[in-house]
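See structure below.
Just so we're clear, the structure is a prediction, and the values are computed from it rather than from any experiment.
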Amino acid sequence: MTRPPVPPFTPETAVRKVRLAEDGWNTRDPEKVALSYTTDSHWRNRAEFVDGRDAIVAFLRRKWDRELEYRLIKELWAFDGNRIAVRFAYECHDDSGNWFRSYGNENWEFDEGGLMRARHASINDLPIAEADRRYHWPLGRRPDDHPGLSDLGF
């Protein structure tokens with residue numbers, strides 16, 4: 001299976017790969033998102049280790065069952081060959097209505113077909129008031145004219 005853009009990445013294809021990943025995660029569709037990863041993909045997400053596409057689907061279902069109204073922005077940090085580093089921030093609330101903005105960094109490694117075979121994520125959560133939210137687009141893909149992380153000062 002091929003998932004363009006494929007490595008080695010250029011400045012343009014690295015930015016495109018990051019935006020495609022953001023768009024996928026903003027669908028909050030675990031099965032669709034998991035197709036971007038190799039069947040034996042290895043993740044570290046916070047303190048949790050996830051191995052394989054089936055485990056990724058299960059992880060994402062749990063995540064989006066508790067992280068409600070999830071909206072994410074990713075930004076390219078660096079790239080080289082088949083690796084990309086991103087920074088990101090997302091906003092969501094829990095089932096009690098408590099809002100959070102979570103900030104993080106991810107290191108990605110891709111196979112020759114453009115599927116991600118490794119994802120290492122470090123994430124910190126900041127409780128925020130609902131009035132402090134900065135992501136107000138309708139659920140789904142972030143509009144092209146919505147500010148990115150740097151534009152928002154994150």
Mind checking whether [X] and [Y] have side chains closer than 4.5 Å, heavy atoms only?
X      : Y      : result
Val15  : Thr13  : no
Trp108 : Ile84  : yes
Asn98  : Pro127 : no
Arg66  : His93  : no
Pro8   : Phe79  : no
Val33  : Thr27  : yes

- prompt: When Trp25 is tested against each of Trp64, Phe88, Tyr37, Tyr90 for ring-ring contact (aromatic ring centres under 6.0 Å, His included), which residue passes?
  reply: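 Result: among Trp64, Phe88, Tyr37, Tyr90, Trp64 is the only option passing the ring-ring contact (aromatic ring centres under 6.0 Å, His included) with Trp25.
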
Side chain to side chain contact (heavy atoms under 4.5 Å, CB included) involving [X] - partner list, sequence neighbours excluded:
X      : result
Pro7   : Phe9, Asn82, Phe110
Arg16  : Pro5, Leu20
Asp132 : Ile128, Ala129
Asn105 : Arg87

Looking at residues at least two apart in the chain, or sitting in another chain, which of them share a salt bridge (charged side-chain N to carboxylate O under 4.0 Å, His left out) with [X]?
X     : value
Asp23 : Arg19, Arg141
Lys74 : Glu106
Arg3  : none
Arg83 : Glu109

task: Sorted by first residue and then second, give each salt bridge (charged side-chain N to carboxylate O under 4.0 Å, His left out) pair with at least one member in residues 25-41; sequence neighbours left out.
output: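 Pairs touching residues 25-41 that pass the test: Glu31-Arg61.
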
field: ring pair (Phe, Tyr, Trp, His ring centres under 6.0 Å) involving Phe154 - partner list, sequence neighbours excluded
entry: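 Testing Phe154 for ring pair (Phe, Tyr, Trp, His ring centres under 6.0 Å), a comparison that skips the adjacent residues, returns Tyr103.
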
field: Partners passing ring pair (Phe, Tyr, Trp, His ring centres under 6.0 Å) against Trp137 (at least two apart in sequence or in another chain)
entry: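 Trp137 satisfies ring pair (Phe, Tyr, Trp, His ring centres under 6.0 Å) with Tyr135, His146 only.
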
- request: Inspect the contact between Arg101 and Glu91 and indicate whether a charged nitrogen and a carboxylate oxygen are less than 4.0 angstrom apart.
  value: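 Yes, this pair counts.
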
- request: Please work out which of the three classes, parallel, tilted or perpendicular, describes the rings of Phe59 and Trp43, given edges at 30° and 60°.
  value: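 Perpendicular: the ring planes of Trp43 and Phe59 meet at over 60°.
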
When hydrophobic residues are tied together by side-chain contacts of less than 4.5 Å, even through go-betweens, does [X] share a cluster with [Y]?
X      : Y      : value
Tyr70  : Leu149 : no
Leu72  : Val57  : no
Ile123 : Leu76  : yes

- prompt: Is the backbone of Arg46 close enough, under 3.5 Å, to the side chain of Arg44 for a donor and an acceptor to pair up by distance?
  reply: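 Checking the backbone N and O of Arg46 against the side chain of Arg44, a donor-acceptor pair under 3.5 Å is found.
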
task: Taking Glu75 for its side chain and Ser150 for its backbone only, find out whether a donor-acceptor pair lies under 3.5 Å.
output: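 At least one qualifying donor-acceptor pair exists.
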
task: Say whether Asn45 and Arg119, considering side chains only, have a donor N or O and an acceptor N or O under 3.5 Å apart.
output: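 There is such a pair between these side chains.
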
message: Between Asp51 and His42, is there a side-chain donor-acceptor contact under 3.5 Å, judged purely by atom types and distance?
response: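 Yes, a side-chain donor-acceptor pair sits under 3.5 Å.
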
message: Checking Asn107 now: which residues fulfil side chain to side chain donor-acceptor pair (under 3.5 Å) with it, not counting sequence neighbours?
response: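 Checked Asn107 against side chain to side chain donor-acceptor pair (under 3.5 Å); zero matches.
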
